[in-house]
There are 2 protein chains.
Amino acid sequence: MELRNTRQKQAIREAFSEAARPLSPEEALAYAQAHYKRLGIATMYRNIKALVEDGWLLPVEVPGRSTRYEVAGKRHHHHFHCKGCDKVFEVEGCVASSKPRLPRGFRSTSHEFYLFGLCSGCSARNKQHSKISDHGGRGETSVC
Amino acid sequence: MELRNTRQKQAIREAFSEAARPLSPEEALAYAQAHYKRLGIATMYRNIKALVEDGWLLPVEVPGRSTRYEVAGKRHHHHFHCKGCDKVFEVEGCVASSKPRLPRGFRSTSHEFYLFGLCSGCSARNKQHSKISDHGGRGETSVC
DNA sequence: ATGGTAATGATAATTCGTTATCATTGTAAG
DNA sequence: CTTACAATGATAACGAATTATCATTACCAT
């Protein structure tokens, strides 16, 4: 398997490379169809599965949303989920220092940090059309 | 609606109060049936929905899992998801200080921090029966 | 105690994301 | 150029979580 190099596979890899943010299968389909119009959703699922097994893609599980996928090998980072357009973005840096105290006997092996809010596009759109429901910061976020 | 005080409703509220951790509808059903045996799952879903609307319950969305619910009004905290038993626990304290830098125009309104690993029960069980797959810390967790 | 009706319980139906099926297509080895 | 068969595309099927349906139950104002 995965021995023939099809236009579909190329289009799918290009989609994830270009996007530079985690994509859902449906989102990836839209991006990839810009490269190869007749691409089907089944092929997208099949190839995502294969690319994850190959280690080329990594699943990104967002709370309350379906799984997104991003190209593997990036520096440690976290994710921002836009409530407006439902897109997920990468966030550079990390929530350094502090170490949460776990109850006795608990062993933690990994963690995830998510930010929620409005991306630049939705933030601007929101500001134009209504004055309410925008209580965000200004490029920075206080953590707790 | 929500004007009659049934044994089912009492049992459901007691279940969430006693558990002191976020419960899935199925988990909550098991707890509540200790108080009222003939409780059905449909009633659980109906009441969870009502209690969320009332603000008595809060949804807790865990990456890659179905939604859990916890009683509202608690101090700021985060969650620990046990890979062994799939239960979600509360974690006191927070990942203080640092502020991730967001791209221009992004506005963040909230955040979530998740820890993954093994709870005390699963950790002990794991240590007994096999020596592998436990690379956790000792009650503390380095963040990044 | 009685009765109107909110609430319940069993289960059918729905939704969403994903996987399976299978006839057809097109890559690439010979 | 052929040709085998990996891969695709359309869509059916699936599984899990949740919601809808509806006959029955039981809360509580009277």
Side-chain angles (χ1 to χ4, degrees), chain A residues 1-16 22-54 56-70 81 83 85-88, chain B residues 1-16 22-54 56-70 81 83 85-88:
Chain A
M1 298 81 198
E2 184 76 9
L3 0 87
R4 288 185 185 177
N5 191 25
T6 62
R7 298 195 54 178
Q8 288 89 335
K9 283 171 187 165
Q10 292 172 30
I12 289 170
R13 272 188 287 250
E14 285 172 45
F16 282 104
L23 300 178
S24 66
E26 287 286 355
E27 281 181 310
L29 182 67
Y31 278 81
Q33 282 177 337
H35 295 98
Y36 190 68
K37 201 142 47 91
R38 41 159 66 265
L39 186 71
I41 187 66
T43 300
M44 178 58 72
Y45 275 105
R46 268 189 297 252
N47 279 280
I48 285 176
K49 195 176 182 182
L51 290 168
V52 169
E53 282 166 4
D54 290 357
W56 196 84
L57 276 182
L58 281 179
V60 176
E61 297 189 326
V62 188
R65 303 276 133 198
S66 63
T67 304
R68 316 302 167 93
Y69 301 87
E70 66 181 8
H81 175 240
K83 299 176 190 173
C85 58
D86 201 36
K87 287 178 184 164
V88 176
Chain B
M1 301 81 201
E2 183 77 11
L3 2 86
R4 286 185 187 177
N5 192 26
T6 62
R7 298 195 56 176
Q8 287 89 336
K9 282 171 187 166
Q10 291 172 31
I12 289 169
R13 273 188 285 249
E14 283 171 46
F16 282 104
L23 300 178
S24 67
E26 287 287 354
E27 281 181 311
L29 184 67
Y31 278 80
Q33 282 176 338
H35 294 98
Y36 190 67
K37 201 142 47 94
R38 40 158 71 260
L39 187 71
I41 187 66
T43 299
M44 178 58 72
Y45 275 105
R46 268 190 296 252
N47 278 281
I48 285 176
K49 195 175 184 184
L51 289 169
V52 168
E53 283 167 4
D54 289 359
W56 196 84
L57 277 181
L58 281 179
V60 175
E61 298 189 325
V62 187
R65 301 277 134 197
S66 63
T67 304
R68 316 300 166 95
Y69 300 87
E70 68 182 7
H81 176 240
K83 298 176 190 173
C85 59
D86 201 35
K87 287 178 185 165
V88 177

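Just so you know, these numbers come straight off a predicted model, no measurement behind them. In what follows, every chain begins at residue 1, and chains take the letters A, B, ... in the order their sequences are listed.
Between atom CD1 of residue A:I48 and atom OG of residue A:S24 there is a gap of 8.0 Å, rounded to the nearest 0.5 Å. Remark: B:M44 CE to B:Q33 CD distance equals 7.5 Å, nearest 0.5 Å.
No more than 12 heavy-atom neighbours from other residues, nucleotides or ligands sit within 6.0 angstrom of CD on A:E26.
Atom-to-atom, CG of B:L29 to C1' of D:dA17 comes out at 14 Å; the value is rounded to the nearest Å. Spacing between atom CG of B:L39 and atom C1' of C:dT8 amounts to 9 Å, rounded to whole angstrom units. One can place NZ of B:K37 at 19 Å from P of C:dT8, the figure rounded to the nearest angstrom. Between A:R65 atom CZ and C:dC16 atom C1' there is a gap of 12 Å when expressed in whole angstrom units. Distance A:N47 CG to D:dG9 C1': 13 Å, rounded to the nearest Å. Straight-line distance from the CD1 atom of A:I48 to the P atom of C:dG17: 13 Å, rounded to whole Å. Between the CE atom of A:M44 and the P atom of D:dA7 there is a distance of 16 Å, rounded to whole Å. Following rounding to the nearest Å, A:K9 (NZ) and D:dG9 (P) show an atom-to-atom distance of 11 Å.
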Per-nucleotide protein contact string for nucleotides 19-27 of chain C (B base, S sugar-phosphate only, - none; heavy atom under 4.0 Å)
BBB----BB
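Put simply, the side chain of B:T6 does not reach to within 4.5 Å of the side chain of B:T43, judged on heavy atoms. Side-chain contact between A:L23 and A:K87: absent, with no pair of heavy atoms (C-beta onward) separated by less than 4.5 Å.
A side chain to side chain contact (heavy atoms under 4.5 Å, CB included) with B:V52 holds for exactly one of B:L58, B:L57, B:T67; it is B:L57.
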